[in-house]
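The structure under discussion appears below in the form of structure tokens.
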There are 2 protein chains.
Amino acid sequence: MVEETKRSTTTTPAAPAPAATRGRIDKRRAILAAAEAVFTREGYTLAGIDAIAAEAGVSKPTIYNHLGGKENLFRTVVVEAAIESSGRILAALEVFPTDAEELHPRLTAIAHRVVQCQAGEKGWALQRLVYAEAARFPDLYDTIREGGTVRIVDALAGRLARLAHGGHLDIDDPVTAANQFLALISGDLPTLTALGTRPVDDAALHRAVTAGVTTFLRAFTPRAQSAGPPAPGTGEGAPASGTLTAPPRR
Amino acid sequence: MVEETKRSTTTTPAAPAPAATRGRIDKRRAILAAAEAVFTREGYTLAGIDAIAAEAGVSKPTIYNHLGGKENLFRTVVVEAAIESSGRILAALEVFPTDAEELHPRLTAIAHRVVQCQAGEKGWALQRLVYAEAARFPDLYDTIREGGTVRIVDALAGRLARLAHGGHLDIDDPVTAANQFLALISGDLPTLTALGTRPVDDAALHRAVTAGVTTFLRAFTPRAQSAGPPAPGTGEGAPASGTLTAPPRR
DNA sequence: GTTAATTTTTACTCGCGAGTTTAGTTAACT
DNA sequence: AGTTAACTAAACTCGCGAGTAAAAATTAAC
């Protein structure tokens with residue numbers, strides 16, 4: 001990156017087109033990108049400003065000019081990453097079934113995309129960072145939560161409430177149900193990814209997500225439904241929705 | 001000027017606390033206890049050997065004598081804490097229902113005790129430590145998992161399998177069900193404790209655990225059971241097992 | 001083309017913490 | 001007694017990383 005500047009001392013920053021108010025704003029982007037990479041790779045304390053500067057192709061004081069000290073840099077990186085990540089998850093929830101048609105496979109597809117966002121490199125790295133520095137920056141979790149998690153749960157709860165209102169799901173408390181849905185589909189994530197230190201086994205992940213959706217639907221599918229609503233469809237290991245069609249009552 | 005200091009040094013180290021030396025080798029215990037406290041309070045990097053030594057009432061070289069450097073000390077602390085924590089959880093699983101009698105309240109009680117172990121100061125601190133240093137000590141998670149999590153899941157899966165075998169639960173894959181049970185009862189834990197940085201709201205925790213058990217039973221209770229199997233019992237906020245008897249459809 | 005502005009760079013300060021060394025002290029063992 | 005082994009206290013080494021100051025270069029303006 002910025003290979004042009006490699007020219008020994010004759011740096012050609014190439015502040016090109018914009019005659020706007022500021023000329024060097026792309027440096028900020030580079031710094032933030034590099035900081036995210038280094039922070040997620042090394043953690044807060046091990047990450048050195050010098051390393052970030054090197055990776056950004058920028059010198060150390062530049063970082064102090066654009067963003068304050070290390071702490072502010074960290075906060076900025078984490079918050080931006082959280083916003084982006086939760087945005088992706090919200091986008092995945094955008095297309096949500098509104099009826100019982102093919103509910104199981106469609107929910108599974110959505111769940112899988114949500115989990116992919118969490119299991120991805122950036123998602124887990126962010127998670128680890130926040131966990132790691134929760135003692136040092138206690139407010140970060142609140143910030144992320146209010147800006148990300150809460151919105152995700154709310155969105156999901158709204159979708160679930162609509163399904164419940166239509167009689168397709170038997171849900172009392174949509175927020176609780178949303179939390180449980182998320183817990184069911186991503187509960188195995190730490191194990192499967194070894195806290196994000198290993199690449200995910202996609203097959204196992206898919207199996208776990210499918211099983212989570214199956215259990216969720218087994219819990220919240222209305223009992224009185226006539227035709228089997230949670231179509232077996234992607235029958236994997238655990239669905240066993242055969243039992244869903246209610247065996248003889250004792 | 002220095003000679004004067006020499007003089008004073010001869011007198012200074014004398015007259016330590018007479019009861020200072022209780023035993024010989026239980027210093028190790030003191031060191032580990034202090035290290036656990038400091039590590040969990042400050043995190044790996046911020047924790048200083050000096051602080052640990054001070055808190056243990058021990059001098060710095062003693063730490064290097066008994067346990068190697070900082071890294072080994074950390075590993076020892078984490079592994080021991082994990083063993084102890086998982087031992088408590090296994091103990092909580094010891095008394096497990098073997099029939100459908102009072103299943104919901106009894107499962108809730110067990111779940112609550114399990115969650116308490118995870119939500120407690122030590123549990124969360126351990127979790128945060130492992131998360132935080134997963135990048136630096138990738139093997140730690142595996143160690144803890146093999147020594148703790150796996151045994152817990154296995155034990156729980158065995159108990160669930162017994163219930164399923166007796167026809168009291170409708171479970172295909174006990175291991176998956178065990179994971180889901182754990183996910184359901186402790187999925188809200190990060191939120192409720194703010195990653196362990198805040199004291200838990202016991203009422204909210206109890207509510208979340210109860211809701212998790214309710215959902216679990218709604219998913220896995222055989223449909224053929226006569227009277228409402230998951231007895232309302234500890235009705236709190238979300239149980240609403242009333243909905244289990246099919247609510248008005250819209 | 002010169003000047004004045006702001007970046008960027010190079011090189012520095014400064015503090016902190018891990019790990020070690022030394023000297024001196026207490027307690028146990030024979 | 002005398003010897004040995006564990007422990008303490010304090011000073012020291014050493015490396016590393018955050019933050020800063022002043023020089024150097026580049027751009028924008030005139």
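Keep in mind that the numbers below use all heavy atoms, side chains included, and drop hydrogens, waters and symmetry copies. Computed from a predicted model, the values in this text were never measured in an experiment.
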Pairs of donor and acceptor atoms involving the side chains of residues 177-187 of chain B, under 3.5 Å and at least two apart or interchain, shall be tabulated with distances.
unit_1   : atom_1 : unit_2   : atom_2 : d
B/Asn179 : ND2    : B/Val175 : O      : 3.4
B/Gln180 : OE1    : A/Thr215 : OG1    : 2.5
B/Gln180 : NE2    : A/Ala211 : O      : 3.0
B/Gln180 : NE2    : A/Thr215 : OG1    : 3.1
B/Ser186 : OG     : B/Leu182 : O      : 2.5

Kindly list each side-chain donor-acceptor pair under 3.5 angstrom involving residues 75-83 of chain B, sequence neighbours excluded, with atom names and distances?
unit_1  : atom_1 : unit_2   : atom_2 : d
B/Arg75 : NH1    : B/Glu71  : OE2    : 2.5
B/Arg75 : NH2    : B/Asp139 : OD1    : 2.5
B/Arg75 : NH2    : B/Asp139 : OD2    : 2.7
B/Thr76 : OG1    : B/Asn72  : O      : 2.7

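Among the protein residues, B/Asn65 comes within range of no part of the nucleic acid, since none of its heavy atoms lies under 4.0 Å from any strand. Nucleic acid contact for B/Ala47: sugar-phosphate only, since backbone atoms but no base atoms lie under 4.0 Å from a heavy atom of the residue. Within the 4.0 angstrom heavy-atom criterion, no nucleotide atom of any strand lies near B/Ala53.
For the pair A/Ser59 and C/dT9, the criterion of a side-chain N or O lying under 4.0 Å from OP1 or OP2 is met. A close approach under 4.0 Å does occur between a side-chain nitrogen or oxygen of A/His66 and OP1 or OP2 of C/dT8. Residue B/Lys60 places no side-chain N or O under 4.0 Å from the OP1 or OP2 atom of D/dA10. Taking side-chain N and O atoms only, B/Thr62 has a distance below 4.0 Å to OP1 or OP2 of D/dT8.
Note: B/Tyr131 and A/Trp124 have tilted aromatic rings, judged against thresholds of 30 and 60 degrees for the angle between ring planes.
To the nearest 0.5 Å, the span separating CG on B/Leu126 from NZ on B/Lys122 amounts to 9.5 Å.
Across residues 68-81 of chain B, B/Gly69, B/Lys70 each have a non-hydrogen atom less than 4.0 Å from an atom of DNA chain C (numbered order).
Cation-pi check for B/Lys70 over B/Tyr44 is met; the charged atom lies under 6.0 angstrom from the ring centroid and within 45 degrees of its normal.
Salt-bridge formation is not detected for the pair A/Glu36/A/Arg41: no Lys NZ or Arg NE/NH1/NH2 atom is positioned less than 4.0 Å from an Asp or Glu carboxylate oxygen. Under 4.0 Å is where a charged nitrogen must lie from a carboxylate oxygen, and between B/Arg207 and B/Asp188 no such pair does.
Atom CD1 in A/Ile49 sits about 11 Å away from atom P in D/dT20, given to the nearest Å. Going from atom CD1 of A/Ile63 over to atom C1' of C/dT9 covers 13 Å, rounded to whole Å. With rounding to whole Å, A/Leu46 atom CG is found 10 Å from D/dA18 atom P. Spacing between atom CD1 of B/Ile31 and atom P of D/dA6 amounts to 14 Å, rounded to whole angstrom units. Across the protein-nucleic acid pair, A/Lys27 atom NZ and D/dT26 atom P stand 12 Å apart, rounded to whole Å.
Judged by closest nucleotide on DNA chain D, A/Asp50 is the one of A/Asp50 and A/Pro61 placed further toward the 5' end.
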